[in-house]
Amino acid sequence: MDIFGIPIQALMGQLLIGLINGSFYAILSLGLAIIFGLLNIINFSHGALYMMGAFGAWIGLTYLGINYWVALVAVPVVVGIFGMIIERTMLKHLYRLDHLYGLLLTFGLALIIEGLFRYRFGISGESYPVPELLSGGFNLGFMFLPKYRAWVIAVSLVVCFGSWYIIERTKLGSYLRAGTENPQLLQAFGINVPLMITLTYGFGVALAAFAGVLAAPVFQVNPVMGSNLIIVVFAVVVIGGMGSIMGSIVTGLGLGLVEGLTRVFYPEASAVVIFVIMGIVLLLRPAGLFGRER
Amino acid sequence: MSDASTRNNPDVEMLRVSDLHAFYGESHILHGIDFSVNRGELVTLLGRNGAGRTTTLKAILGLTGRRTGSIMINGRQVIDLPTHRVAHLGVGYCPEERGIYASLSAEENLLLPPAVNSSGMSLDEIYEMFPNLQERRHSPGSRLSGGEQQMLAMARILRTGARLLLLDEITEGLAPVIVQTLGRVITSLKAKGLTIIMVEQNFRFAAPLADRHYVIEHGRIVETVTKDELDSKMQLLQKLLGV
């Protein structure tokens with residue numbers, strides 16, 4: 001069976017890859033959006049923290065015998081704590097300054113973290129086995145769906161929409177939204193805003209590390225895996241609109257699919273299609289598809 | 001926090017501000033503010049724009065830059081406390097421009113500040129006092145009218161049980177009928193023994209409510225007018241306020 005002359009297996013295969021990439025874009029841009037909303041910081045170290053998540057899983061398995069399922073919980077916690085230490089010791093001094101300072105500091109941090117991992121582990125990359133429970137796949141008739149890929153998509157959707165629900169529909173989320181809008185007044189009402197900022201940064205970082213653990217069995221674990229991805233993720237954030245929660249999720253998944261489709265119909269453009277869209281969106285809607293001017 | 005027998009005792013000092021200086025970055029805004037308010041009293045801070053009235057309220061909460069001097073709330077020194085700790089001593093703040101969060105619904109705004117003690121009004125009592133808010137409770141904060149926003153900003157701090165209210169220009173830009181409603185609300189709060197400090201431009205609104213007026217000029221208190229002196233000092237007040 002063909003669609004526009006493309007075999008359906010090839011089309012579905014690329015859509016699946018697009019959806020997988022989109023899942024990672026969505027989790028990472030969600031973390032960036034949450035952090036930018038409350039801290040006013042463009043967290044350029046997000047890619048390095050994602051890489052730390054993947055390496056954390058690999059180090060845990062190789063040196064400590066920690067399996068995938070434990071790593072999926074423990075690594076985001078550990079990396080999240082690392083993020084909170086960074087926030088307490090460095091980022092908190094930048095909130096009153098222009099975005100540029102936060103971007104430069106986190107960019108510097110990303111280079112340092114990557115450099116350290118490169119020095120210790122080289123750039124050849126390590127492979128991480130798919131956990132036994134998720135090896136193999138389903139034959140859907142028109143395509144073969146590896147179990148692990150289905151798992152990545154499902155768990156990403158749960159994490160993204162779970163985060164969206166917490167932020168937009170719960171009391172805890174109302175603090176976050178209020179803090180994003182007017183943190184001074186929120187503190188005057190008796191909320192410990194500095195603590196909330198630290199925990200929020202920790203949560204955003206933990207999301208990046210979680211994506212890293214999820215990615216370990218799919219991509220090669222290497223020190224530059226984050227910097228390769230983060231440029232695309234920043235384009236996703238710009239297209240979706242800085243600071244919009246639902247915007248970052250929908251745009252992340254959507255652009256993953258667009259990229260996958262491009263790879264089928266015009267493979268030469270697949271590496272740039274997101275940046276072309278970014279250019280068009282910036283010209284027509286500078287605040288992004290879901291963003292508000294501020 | 002305090003039991004009922006001492007709560008309404010008019011001779012107990014609720015707030016004493018002494019030699020308060022406050023800065024925004026390099027600019028020195030308050031130059032030694034001194035005043036005190038007893039429990040259950042209502043005082044106003046009057047003065048021209050830029051005299052330092054709003055800054056005085058903000059400085060009590062720690063929302064300015066550097067501060068020196070002394071701020072005692074219920075006999076406790078608070079100048080070194082972080083802002084959120086001051087709120088938990090029972091201070092409710094209604095900022096200029098009302099501070100309604102646009103990304104929160106009316107009811108989320110109402111429920112946002114944590115209760116500081118158990119004496120706050122229940123949601124039912126709030127909706128009885130402000131029936132409009134119940135109808136509009138699912139509307140986003142940005143869709144409320146100016147009057148509704150002001151009612152919400154008041155209701156928000158009444159629910160927490162705060163006993164010392166700092167109200168900044170609550171009548172600004174509101175229709176006369178809403179100002180009247182606010183007057184009734186303030187009167188009933190005073191009857192309940194709450195201590196209130198109002199920054200107010202609308203002198204006709206404030207005069208019948210207040211026990212005392214402090215006139216601020218260039219970051220200092222230049223005149224104190226009690227309720228009884230109001231008639232005799234009216235000319236002086238008009239001169240100071242430039243009305």
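To find a chain, count down the sequence lines: A is the first, B the second, and so on, and within it residues start at 1.
With a 4.5 Å cut-off on non-hydrogen atoms, B/Leu61 touches chain A through its side chain but not through its backbone. When heavy atoms are compared at a cutoff of 4.5 Å, B/Ile157 approaches chain A solely by way of its side chain, counted from C-beta outward. Using a 4.5 Å cut-off between heavy atoms, B/Ile60 does not touch chain A at all. Looking at B/Ala162, neither its backbone nor its side chain comes within 4.5 Å of chain A, counting heavy atoms on both sides. Neither the backbone nor the side chain of B/Arg85 comes within less than 4.5 Å of any heavy atom in chain A.
Summarising the local packing, CZ of B/Arg143 is surrounded by 12 or fewer heavy atoms from other residues, nucleotides or ligands at distances under 6.0 Å.
Using cut-offs of 30° and 60° on the angle between ring planes, the pair B/His31 and B/His21 is perpendicular. Relative ring orientation between A/Phe24 and A/Tyr50 is described as perpendicular, the plane-to-plane angle rising above 60° on a 0-90° scale split at 30° and 60°.
At least one donor-acceptor pair under 3.5 Å links the side chain of B/Arg67 to the backbone N or O of B/Ala59.
Aromatic ring centres of A/Phe36 and A/His99: separated by under 6.0 Å.
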